[in-house]
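Notes follow the structure.
Sequence lines set the chain letters: A, B, ... in the order given, protein chains first and strands last, and positions in each chain run from 1.
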Amino acid sequence: MENDDSDQPGQRQEQGQEQAQHEAQNRVYMILAAVPSGKVVTYGQLAELAGLPRAARLVGRILSNLPKETQLPWHRVINAAGRISLAEDSPSFKLQKACLEEEGIVFSNNRVSLKKFNWQP
DNA sequence: ATGGTGACTTGGC
DNA sequence: TGCCAAGCCACCA
């Protein structure tokens with residue numbers, strides 16, 4: 001048979017995109033959950049490990065959408081400059097910094113030691 | 001539908 | 001060392 005399975009390209013494609021996004025988000029969660037205490041990872045690294053090169057910004061968006069009750073170590077994610085990508089006066093900033101210091105991360109002038117970037121899965 | 005913005009990154013000065 | 005500009009991706013007005 002000619003197989004007229006009639007996949008409506010439009011709708012199918014749209015669903016595919018949405019699913020892909022969801023998958024990507026899920027992968028980011030997995031990678032993030034695997035980051036050990038005492039270590040940090042940058043948005044770019046997290047994106048790359050999740051198979052999303054050049055999507056550092058997307059990771060930031062995903063984190064911003066995390067529920068406040070999340071179990072994920074979102075506080076272990078910092079930017080490439082070794083800084084916390086949040087406003088200093090923001091409660092989230094203070095929380096993140098406090099969590100990292102609890103884990104032994106040392107800050108110098110609001111910046112994390114670059115040596116901590118050496119985390120391999 | 002074009003433009004602006006943001007938990008980003010990299011390269012140049 | 002620090003600021004600026006361009007690139008990149010998704011979302012919102």
* Rounded distance in Å - CG (A:D89) to C1' (B:dA7) -> 14 Å
* Roughly how far, to the nearest 0.5 Å, is OG1 of A:T42 from CG of A:L49? -> 8.5 Å
* Using a cut-off of 6.0 Å, state whether more than 12 heavy atoms not belonging to A:E48 lie near its atom CD. => no
* Asked: A:L58 near the nucleic acid: base, sugar-phosphate alone, or nothing, with a heavy-atom cut-off under 4.0 Å?
  -> sugar-phosphate
* Structure fact -> Taking C:dC8, B:dT9, C:dC11 as options, the one with an atom nearest any side-chain atom of A:R54 is C:dC8
* In terms of side-chain heavy atoms of A:L63, which of B:dA7, C:dG2, C:dC8 is nearest? -> B:dA7
* Check: A:N109 side chain, A:R111 main-chain N or O, donor-acceptor pair, under 3.5 Å -> no
* Structure fact -> Pairing partner of B:dG4, by Watson-Crick or G-U wobble and under 3.5 Å for both distances, is C:dC11
* Any donor-acceptor N/O pair, A:E103 side chain to A:P36 backbone, under 3.5 Å -> no
* At under 4.0 Å, does any side-chain N or O of A:R76 touch on OP1 or OP2 of B:dA7? -> no
* **Spacing between A:R61 atom CZ and B:dA7 atom C1', to the nearest angstrom** => 10 Å
* **Between P of C:dT1 and CZ of A:R111, the distance in whole Å** => 7 Å
* **Length of the CD-P vector between A:E48 and C:dC8, whole Å** => 15 Å
* Structure fact -> note: A:R83, atom CZ; C:dG2, atom P; distance rounded to Å ~ 7 Å
* **A:Q25 side-chain N/O to C:dC9 phosphate OP1/OP2 under 4.0 Å** => no
* Taking CZ from A:F93 and P from B:dG6, how many angstroms apart are they, rounded to a whole number? -> 18 Å
* To do: Could you tell me the separation between the CD1 atom of A:I105 and the NE2 atom of A:H75, rounded to the nearest 0.5 Å?
  => 9.0 Å
* To do: State which of C:dC11, B:dC8, B:dA7 makes the closest approach to the side chain of A:A56.
  => B:dC8
* **Residue closer to the 5' end of DNA chain C, A:A55 versus A:N109 (nearest nucleotide)** => A:N109
* Which nucleotide in the list B:dA7, B:dG6, C:dC11 gets nearest to the side chain of A:R57? -> B:dG6
* Measure from OH on A:Y43 to P on B:dT10 and round the result to the nearest Å. => 14 Å
